[in-house]
Amino acid sequence: RLDASLDYEPDLALFAGVDGLEFYRSLAVNIKDVLPTGGRLCLEMGESQARDVSQMIEYLGERSIILDTSGRERFFFGHIHGYPPSSNHL
């Protein structure tokens with residue numbers, strides 16, 4: 001049995017494609033529909049995903065990867081400077 005704390009996690013957080021990045025791919029393509037230029041994006045992710053997520057969303061502008069209290073790369077912060085003309089970023 002998996003850790004009981006996982007009972008409170010949404011399925012999307014637990015089952016995100018083969019490499020665990022499907023949610024972030026979808027976000028990278030669709031974020032322009034919900035976050036305006038000048039907006040800020042904050043994400044928590046698995047420690048092995050931070051670099052991949054940052055690369056997916058690099059077109060947004062300023063990006064930072066922040067360490068958790070254990071020194072693991074777990075948080076992504078981005079400041080949206082603008083969007084490229086194409087809606088297909090990946």
Side-chain angles (χ1 to χ4, degrees):
R1 171 144 167 61
L2 295 175
D3 186 310
S5 67
L6 297 178
D7 292 341
Y8 300 100
E9 294 288 343
D11 285 350
L12 186 57
L14 300 175
F15 308 104
V18 175
D19 60 1
L21 296 170
E22 194 59 37
F23 167 79
Y24 302 106
R25 282 190 193 90
S26 177
L27 181 68
V29 171
N30 296 297
I31 195 168
K32 66 181 180 2
D33 297 330
V34 295
L35 192 62
T37 296
R40 297 185 186 273
L41 176 67
C42 302
L43 301 170
E44 178 185 9
M45 65 208 65
E47 65 184 275
S48 65
Q49 298 172 324
R51 299 280 169 199
D52 290 330
V53 171
S54 183
Q55 288 176 352
M56 284 180 209
I57 309 177
E58 69 183 344
Y59 65 88
L60 296 180
E62 293 175 44
R63 299 175 333 276
S64 300
I65 296 172
I66 307 298
L67 305 179
D68 66 12
T69 57
S70 299
R72 296 182 181 115
E73 295 180 335
R74 290 290 304 252
F75 303 97
F76 170 88
F77 291 92
H79 183 201
I80 314 309
H81 291 294
Y83 294 101
S86 169
S87 62
N88 185 8
H89 310 299
L90 301 177

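Because the structure is a prediction, the values reported are computed rather than measured.
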Is the closest side-chain heavy-atom distance between [X] and [Y] below 4.5 Å?
{"X": "R40", "Y": "F77", "result": "no"}
{"X": "M45", "Y": "D52", "result": "no"}
{"X": "F76", "Y": "S54", "result": "yes"}

[X] [atom1] to [Y] [atom2] distance, which is reported to the nearest 0.5 Å:
{"X": "L41", "Y": "L35", "atom1": "CG", "atom2": "CG", "value": "6.5 Å"}
{"X": "I65", "Y": "L43", "atom1": "CD1", "atom2": "CG", "value": "11.0 Å"}
{"X": "Q49", "Y": "L21", "atom1": "CD", "atom2": "CG", "value": "5.0 Å"}

N/O donor-acceptor pair under 3.5 Å between R74 side chain and L67 backbone: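 No.
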Cluster link F23 to V53, ILVMFWY, side chain under 4.5 Å: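 As far as the 4.5 Å side-chain criterion goes, V53 and F23 are connected within one cluster.
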Taking every non-hydrogen atom, the tightest pair across P36 and I80: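 Heavy atoms only, the tightest pair is O-CB, 4.0 Å.
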